[in-house]
Amino acid sequence: MHDESQTRRLAGEFEHLYEIYEARIYRVIRAIVLDAAAAEDLTRKTFERAFREQQNGKRTSSARVALHRVAVDTAISHTRRQNLTGLLLRRLRARGKGAAAAPASTATRALGALSPELRAVAVLHLCGRMTSDEMAAILGTRPSGVDSRIGTAMQIMGQALNGMDGQHGNAGG
Amino acid sequence: MGNTAMRGVKAVADDDRDRFDFPWAKVIRNEIETWQPSRRLEVNLECRPAPAHPDWRLAALVVGTLALILNFAVATRSVDPRQWWEAAQTVVRQLVQPAPPGHLSGPSRAAVMGTDPYQHVSGGASAGGPGSTASTVRSAAEGQSGSSPTVGLSVATGPGAGTNSGQGVEVTSNPRGRGGMTGSIGEGPAHASGTIDGAGMRGCMGAYGPTGRGSNICGSVNSPVTAPVPPLPAPVVPDAAPTPP
């Protein structure tokens with residue numbers, strides 16, 4: 001357990017990490033949950049959880065990898081909970097009464113076709129600039145598994161974008 | 001430094017691959033990189049102790065309560081909490097005011113040690129009938145007593161099982177028509193047997209060497225928890241002698 005001065009020093013370090021990684025962590029989380037407001041809340045929770053892990057001496061990897069690992073875990077757990085809640089609410093909610101959905105951007109459409117786990121792989125691949133080993137440490141898998149998941153994610157996203165372009169083209173024509 | 005170089009090499013390779021295989025990847029990457037939090041997020045970085053998980057305490061409480069209820073129900077053979085209360089009172093009374101020595105209904109503990117491996121064979125760890133092999137299941141176990149109908153079950157397996165031999169494994173429920181269970185395991189150099197019922201627990205374990213010398217250790221704990229006795233009927237007063245007319 002850390003004493004008061006160590007905690008203060010650790011908090012200072014985390015402030016610095018926060019300055020560097022806030023936007024990156026926010027992007028990773030938002031790409032997984034596909035919800036801007038929830039991503040802000042989860043980004044805050046990610047830094048708090050990573051700080052507590054560091055305080056309790058649980059962190060074993062670099063700060064960058066540890067932060068991304070906590071972010072991915074937090075975002076995937078949130079998405080699973082939301083999916084479960086959505087399943088329950090869908091039965092109660094009348095059709096057509098939901099808020100009109102904003103037109104989805106290209107990234108949202110492509111990522112929306114993936115499972116939360118594949119979204120994590122895709123966003124780390126596209127924006128994380130990480131090695132396979134680092135991604136494997138974040139995702140809790142082997143580097144060979146990471147490459148295979150990246151291939152799957154890219155393929156699904158490509159199909160989703162091509163299919164939607166085809167639909168739009170047909171509708172327009 | 002090496003990691004950074006690796007990342008640089010990988011980024012270039014990824015960019016090349018994406019440019020040819022997935023031309024839309026650059027669009028998505030550029031879009032994601034425009035995502036920013038709408039406001040400065042307030043992160044609470046203060047020293048907080050990890051929240052304690054009281055789950056194990058709750059689990060222990062639930063399991064303890066269930067065990068207590070089950071114990072009372074078995075000991076009193078009733079689901080009436082009033083009878084449980086009576087039984088608990090009886091036990092507490094006997095613990096607080098121990099019965100005089102020699103009183104049969106008082107709580108007792110005993111241990112017997114012998115040098116003969118077959119000296120103490122209660123519970124079924126006896127030897128006999130070597131060479132026979134059997135596996136039996138009997139209902140209405142032996143040794144029932146009393147006039148009320150009881151149901152018992154005996155399961156035995158191994159050589160000589162069911163013929164008074166404890167070789168192998170034998171389990172008998174309701175052995176004497178008083179509930180409970182008796183079991184034995186092993187025969188020969190190491191063996192053990194035990195009985196648990198409403199009157200308490202008894203058990204033996206023994207071992208002997210190739211020369212036949214060995215010893216048994218037996219013990220018993222008697223907890224006289226019995227069902228409350230129903231009140232006696234009102235005394236019958238004999239009619240007075242007939243008066244002479």
Side-chain angles (χ1 to χ4, degrees), chain A residues 1-4 6-8 10-15 18 22-31 36-37 39-41 43-48 50-52 55-56 62 64 105-111 122-123 125-134 150-151 154-155 157-158 161-162 165, chain B residues 1-70:
Chain A
M1 202 64 186
H2 294 263
D3 61 17
E4 190 66 25
Q6 278 178 317
T7 303
R8 222 172 289 136
L10 200 61
E13 285 176 13
F14 251 79
E15 291 282 351
Y18 182 72
E22 180 200 11
R24 293 186 209 181
I25 294 294
Y26 170 80
R27 283 176 209 139
V28 169
I29 292 176
R30 183 169 164 182
E40 289 186 358
D41 191 36
T43 304
R44 185 179 52 75
K45 282 184 184 166
T46 295
F47 278 94
E48 289 175 357
F51 179 69
R52 277 201 300 276
Q55 260 188 330
N56 298 331
S62 70
R64 180 170 181 264
S105 64
T106 309
T108 310
R109 276 189 289 142
L111 291 166
V123 70
H125 167 69
L126 289 172
C127 305
R129 304 284 186 199
M130 290 182 171
T131 63
S132 296
D133 287 339
E134 286 175 324
I150 289 173
M154 298 299 276
Q155 212 164 8
M157 285 199 294
L161 290 175
N162 289 336
D165 286 347
Chain B
M1 200 63 180
N3 238 1
T4 310
M6 279 293 290
R7 273 199 290 274
V9 170
K10 185 174 186 297
V12 171
D14 288 346
D15 286 347
D16 280 350
R17 189 185 61 181
D18 290 352
R19 193 179 305 135
F20 294 108
D21 294 348
F22 311 109
W24 41 265
K26 192 175 178 186
V27 178
I28 292 179
R29 182 182 298 132
N30 290 343
E31 186 186 326
I32 290 177
E33 284 179 357
T34 61
W35 290 348
Q36 295 284 344
S38 62
R39 58 193 157 86
R40 163 85 188 177
L41 305 174
E42 290 300 322
V43 180
N44 183 16
L45 300 181
E46 64 179 23
C47 182
R48 276 189 305 187
H53 294 288
D55 300 349
W56 66 271
R57 293 190 189 103
L58 184 65
L61 185 68
V62 170
V63 170
T65 307
L66 286 176
L68 195 65
I69 290 172
L70 191 66

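Below, each value reflects all heavy atoms present in this structure, side chains not excepted, and no hydrogens, waters or symmetry copies. We name chains A, B, ... by the order of the sequence lines, and we start the count at 1 in each one.
A side-chain donor-acceptor contact under 3.5 Å links A:Glu40 to the backbone of B:Ser38.
Interface remark: B:Glu31 contributes side-chain atoms only to the contact with chain A (heavy atom separation under 4.5 Å). Only the side chain of A:Val123 comes within contact range of chain B, judged by heavy atoms closer than 4.5 Å. Only the side chain of A:Tyr26 comes within less than 4.5 Å of a heavy atom of chain B; its backbone N, CA, C and O stay farther away. For A:Ala31, the parts lying under 4.5 angstrom from a heavy atom of chain B are both the backbone and the side chain.
Rounding to the nearest 0.5 Å places CH2 of B:Trp35 at 5.0 Å from OG1 of A:Thr108. From A:Arg27, atom CZ reaches atom OG1 of B:Thr34 across 8.0 Å, with rounding to the nearest 0.5 Å.
Nearest heavy-atom pair, B:Trp24 versus A:Met157, reported as atom, atom and distance to 0.1 Å: CH2-CB, 3.6 Å. The minimum heavy-atom distance linking A:Met154 with B:Ala25 is given by the pair CE-CB, 3.9 Å. Closest non-hydrogen pair, B:Gln36 versus A:Ala23, comes out as OE1-CB, 3.7 Å.
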